[in-house]
Amino acid sequence: QNIHLLNDLSAHLLSQEFDRYFPFLEGLTPQSVILRSADEVDAAAESLGFPIFLRGTIQSRKYKGLAACLAQDLREFHALVAKLLETEDRSRGRVIARQFIPLRHVQQFQGFPQGREYRVFLLDGQVVSLGYYWENQDPLSRLSPAEEAAVRNLAVQAAQKIAARWVAIDIGQAETGEWWVIEMGDAQFSGFGQISALQLFGELGRRLME
């Protein structure tokens, strides 16, 4: 029907599933271990140390609060891995155990720390739009020019490592001040946060017409 997706199936999977893009982002994102069964939990715990943040290869369960994502000991680790493996739409059979790096925050959203995090949309490795990840008001949302440059540079560095044209990358600031890639996604499936959809797609259309 004369419809052409910016990302084909292989690019979609590469940019959407954490275990596929993580090898390209090592050093830019917190240390992570891919788990496919409960048998791998003990070795991952020894490698990462507690606390450990847990998510599926697609999404976390942060809508249920921090306790649904953070294991403080081996018992919690096993329980959270089992829960994620049952949630096929979030895990697709793979659980990501991550070094826990607390992000700067002053408030919470549904019991989950509202970390200082920004979503960046990029086409062909270049920034199209950037905005605060959380939709509600937050005193930490405004970036200084130097901070915005740091967010843009890290997002560009990550995007240029991935063979997908159209990606959304979330960049967060740790409590210690460093910026990290939190996750990546196929921008065809990503929410906007505080980015104007009208401006985003207007700019995307302009670049595609160049």
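Keep in mind it's a predicted model, so treat the numbers as computed, not measured.
- With F22 as the fixed residue, the side chain to side chain contact (heavy atoms under 4.5 Å, CB included) test singles out one of T57, T29, L28: T29.
- Looking at V181 and D170, their side chains never come closer than 4.5 Å, going by heavy atoms from C-beta outward.
- Remark: L25 CG to Q157 CD distance equals 9.5 Å, nearest 0.5 Å.
- Taking the side chain as every heavy atom from C-beta outward, I169 and I182 never approach each other to under 4.5 Å.
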Does the pair V120 and V151 meet the rule for a side chain to side chain contact (heavy atoms under 4.5 Å, CB included), with working shown? CA-CA 8 Å; V120 188; V151 171; 3.9 Å; yes
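- When the side chains of ILVMFWY residues are joined at heavy-atom separations under 4.5 Å, either directly or via intervening members, V156 and L143 end up in a single hydrophobic cluster.
- Of all heavy-atom pairs spanning S47 and V33, the tightest one is OG-CG2, 4.3 Å.
- Below 30°, between 30° and 60°, or above 60°: for F192 and F121 the angle between ring planes is between 30° and 60°, a tilted geometry.
- Contact check on D186 versus R165 returns no salt bridge, with no Lys/Arg side-chain nitrogen under 4.0 Å from an Asp/Glu carboxylate oxygen.
- A donor-acceptor distance shorter than 3.5 angstrom exists from the side chain of E40 to the backbone of R36, with no hydrogens or angles considered.
- Going from atom CZ of R94 over to atom CG of D19 covers 4.0 Å, rounded to the nearest 0.5 Å.
- Between A159 and V167, the closest heavy-atom pair is CB-CG2, 4.0 Å.
- By the 4.0 Å N-to-carboxylate-O rule, E210 lies close enough to R206 to be salt-bridged with it.
- The number of heavy-atom neighbours closer than 6.0 Å to CD of E135, taken from other residues, nucleotides and ligands shown, is 12 or below.
- A 4.5 Å side-chain heavy-atom check between I162 and M184 finds at least one atom pair inside the cut-off.
- F53 and V81 are assigned to two separate hydrophobic clusters, defined by single-linkage of ILVMFWY side chains at heavy-atom distances under 4.5 Å.
- To the nearest 0.5 Å, atom OG1 of residue T87 and atom CD1 of residue I58 are 12.5 Å apart.
- Smallest separation of non-hydrogen atoms from L14 and A163: CD2-N, 3.6 Å.
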Distance-only check: which donor-acceptor pairs under 3.5 Å involve side-chain atoms of residues 103-110, not counting sequence neighbours?
residue: R104; atom: NH1; partner: Q173; partner atom: OE1; Å: 3.1
residue: H105; atom: ND1; partner: L103; partner atom: O; Å: 3.1
residue: Q107; atom: NE2; partner: Q137; partner atom: O; Å: 2.7

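- Nearest heavy-atom pair across V128 and E203 is CG1-CG, 3.7 Å.
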Start with the C-alpha distance between R55 and V95, add both sets of side-chain angles, then the distance that settles side chain to side chain contact (heavy atoms under 4.5 Å, CB included), and finish with yes or no. CA-CA 6 Å; R55 52 161 292 163; V95 173; over 6 Å; no
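- In this structure, E147 pairs ionically with R116, as a charged nitrogen and a carboxylate oxygen lie closer than 4.0 Å.
- Between L66 and P113, the closest side-chain pair of non-hydrogen atoms falls below 4.5 Å.
- With values rounded to the nearest 0.5 angstrom, Q16 atom CD is found 8.5 Å from E183 atom CD.
- Residue L54 comes nearest to S60 through the heavy atom pair O-CB, 4.2 Å, listed as atom of the first residue, atom of the second, then distance.
- At a threshold of 4.5 Å between non-hydrogen side-chain atoms, the residues Q31 and R98 do not count as touching.
- One hydrophobic cluster, built from ILVMFWY side chains closer than 4.5 Å, holds both L80 and L48.
- Under a hydrophobic-cluster definition in which Ile, Leu, Val, Met, Phe, Trp and Tyr are linked whenever side-chain heavy atoms come within less than 4.5 Å, directly or via other members, Y133 and V127 are assigned to the same cluster.
- Side-chain contact between H12 and F189 is present, with at least one heavy-atom pair separated by less than 4.5 Å.
- Taking the six-membered ring where tryptophan is involved, the planes of Y132 and Y118 are perpendicular, since the angle between them exceeds 60° and thus also 30°.
- Two different hydrophobic clusters hold F18 and L84 under the rule that ILVMFWY side chains link at heavy-atom gaps under 4.5 Å.
- Q194 CD to S141 OG: the interatomic distance, rounded to the nearest 0.5 Å, is 5.5 Å.
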Evaluate Q114 against D138 for side chain to side chain contact (heavy atoms under 4.5 Å, CB included), listing each step before the verdict. CA-CA 9 Å; Q114 189 168 301; D138 188 332; 3.0 Å; yes
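- Looking only at side-chain heavy atoms (C-beta outward), F100 and L70 come within less than 4.5 Å of each other.
- Within 6.0 Å of the CD atom in E175, the count of heavy atoms belonging to other residues, nucleotides or ligands exceeds 12.
- Across all their heavy atoms, F50 and A45 have their closest contact at CZ-CB, 3.8 Å.
- Side-chain contact, D89 with Q59: no donor N or O sits under 3.5 Å from an acceptor N or O.
- Look at E148 and R152 and you find a salt bridge, because one of the NZ, NE, NH1 or NH2 atoms lies within 4.0 Å of a carboxylate O, short of that distance.
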Verify side chain to side chain contact (heavy atoms under 4.5 Å, CB included) between D42 and L74, making sure each step is shown before the conclusion. CA-CA 7 Å; D42 290 9; L74 198 56; 3.7 Å; yes
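- With contacts defined as side-chain heavy-atom distances shorter than 4.5 Å, the pair L35/I96 does not qualify.
- Within the model, atoms SG of C69 and NZ of K62 stand 8.0 Å from one another, a figure rounded to the nearest 0.5 Å.
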